[in-house]
Amino acid sequence: MSYFTSLNQKLMQLKGLDFLILFSLRIYLAYIFWVAGVRKVAWDNGKPNIDRFADFLGPGGSDNLNLFLPNFFGWLAVLAEAGGAVLLLLGLFSRWAVIPLIITMLVAFYYHLPNGWSIDAGGVELTVTYIVMLSVILIFGPGKYLSLDYWVLRK
């Protein structure tokens with residue numbers, strides 16, 4: 001039994017590396033949301049994707065979200081994704097940055113919910129994964145050493 005206690009104590013020392021996990025989450029999510037935000041403002045076949053995205057957000061067919069002010073909410077999503085990605089990358093205002101990203105993911109969750117869980121069927125699996133990852137940063141912060149929040153807020 002003392003072997004397991006000793007091994008457990010050694011494993012507990014890994015807690016000192018928690019900043020690497022939080023940094024990894026931030027970098028991964030920054031890439032994901034940067035690409036999502038930039039794709040919304042790119043041009044495709046002579047039309048900006050933000051117009052297509054706004055069309056999807058606005059009233060229309062059965063696949064639309066039927067939001068009012070679709071252009072406003074489209075640009076808000078771009079700002080949340082691209083701006084949040086930059087803040088996550090820097091580790092600056094990280095907890096604040098993930099709040100609009102979580103809201104964006106909750107909208108995506110609502111849209112994909114009728115498709116069930118599986119990502120293969122267009123379900124909510126990946127959306128829930130992103131919400132969990134963003135929630136970790138919301139609760140634990142951006143981590144020590146490799147974030148501007150740590151250096152700015154250090155006492």
Side-chain angles (χ1 to χ4, degrees), residues 7-42 44 48-54 56-58 63-155:
L7 180 60
N8 189 54
Q9 288 173 346
K10 295 213 181 293
L11 290 174
M12 292 296 289
Q13 292 174 353
L14 292 174
K15 186 176 184 201
L17 300 176
D18 62 352
F19 71 97
L20 291 174
I21 299 303
L22 294 168
F23 176 70
S24 299
L25 281 175
R26 285 189 5 247
I27 297 306
Y28 177 80
L29 290 168
Y31 173 77
I32 294 298
F33 287 109
W34 176 259
V35 170
V38 169
R39 281 186 183 159
K40 285 180 180 66
V41 294
D44 187 21
N49 283 339
I50 190 69
D51 290 345
R52 286 180 174 52
F53 185 62
F56 160 74
L57 292 176
D63 277 350
N64 292 31
L65 286 180
N66 297 313
L67 296 176
F68 64 98
L69 301 172
N71 286 318
F72 172 74
F73 285 113
W75 282 105
L76 204 58
V78 168
L79 181 62
E81 291 171 347
V86 171
L87 292 174
L88 282 175
L89 184 65
L90 298 173
L92 183 63
F93 306 117
S94 302
R95 286 186 164 113
W96 289 98
V98 299
I99 293 170
L101 292 171
I102 289 172
I103 292 169
T104 302
M105 289 295 95
L106 289 172
V107 172
F109 178 87
Y110 170 78
Y111 175 72
H112 291 286
L113 189 58
N115 299 329
W117 174 258
S118 175
I119 189 173
D120 295 332
V124 297
E125 183 178 1
L126 196 56
T127 305
V128 171
T129 302
Y130 291 152
I131 290 171
V132 169
M133 293 169 77
L134 290 165
S135 297
V136 168
I137 294 171
L138 179 65
I139 293 167
F140 293 100
K144 297 183 282 187
Y145 312 123
L146 301 174
S147 71
L148 289 178
D149 281 348
Y150 172 77
W151 295 105
V152 170
L153 299 175
R154 202 166 55 125
K155 295 178 183 177

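Because the structure is predicted, anything quoted here is derived from the model rather than measured. Because only heavy atoms are used, hydrogens play no part in the values below, and waters and symmetry mates are left out as well, while side chains stay in.
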Backbone N/O of Arg39 and side chain of Asn49: donor-acceptor pair under 3.5 Å: yes
Main-chain N/O of Gly58 paired with Asn64 side-chain donor or acceptor, under 3.5 Å: yes
Under the side chain to side chain contact (heavy atoms under 4.5 Å, CB included) test, residues paired with Tyr110 that sit two or more places apart: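 Partners of Tyr110 under the side chain to side chain contact (heavy atoms under 4.5 Å, CB included) test: Leu65.
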Listed partners of Ser147 passing side chain to side chain contact (heavy atoms under 4.5 Å, CB included), at least two apart: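 Result, side chain to side chain contact (heavy atoms under 4.5 Å, CB included) vs Ser147: Arg26, Pro142, Asp149, Tyr150.
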Mind listing the closest non-hydrogen atom pair of [X] and [Y] along with its distance?
X      : Y      : result
Pro70  : Leu67  : CD-O, 3.8 Å
Val124 : His112 : CG1-C, 3.6 Å
Leu88  : Ala30  : CB-CB, 4.2 Å
Ser135 : Ile102 : OG-CD1, 4.1 Å
Ala85  : Trp34  : CB-N, 3.5 Å
Arg95  : Leu138 : NE-O, 2.9 Å

Between [atom1] on residue [X] and [atom2] on residue [Y], distance to nearest 0.5 Å:
X      : Y      : atom1 : atom2 : result
Ile50  : Phe53  : CD1   : CZ    : 6.5 Å
Asn115 : Glu125 : CG    : CD    : 12.5 Å
Gln9   : Leu7   : CD    : CG    : 10.0 Å
Leu148 : Leu89  : CG    : CG    : 9.5 Å

Parallel, tilted or perpendicular, as decided by the 30° and 60° cut-offs, for the rings of Tyr130 and Tyr28: tilted
Parallel, tilted or perpendicular: rings of Tyr145 and Trp151 (30°, 60°):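 Plane angle between 30° and 60°, so tilted.
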With a 4.5 Å cut-off on side-chain heavy atoms, are [Y] and [X] touching?
X      : Y      : result
Ile137 : Leu29  : yes
Leu134 : Phe33  : yes
Leu20  : Leu146 : yes
Met105 : Leu101 : no
Lys144 : Asp18  : yes

More than 12 heavy atoms of other groups within 6.0 Å of Phe56 CZ: yes
Crowding at CZ, Phe73 (>12 non-hydrogen neighbours, <6.0 Å):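 Atom CZ in Phe73 is packed in, count exceeds 12.
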Stepwise side-chain contact (heavy atoms from CB on, under 4.5 Å) check, Thr127 with Tyr111: CA-CA 10 Å; Thr127 305; Tyr111 175 72; over 6 Å; no
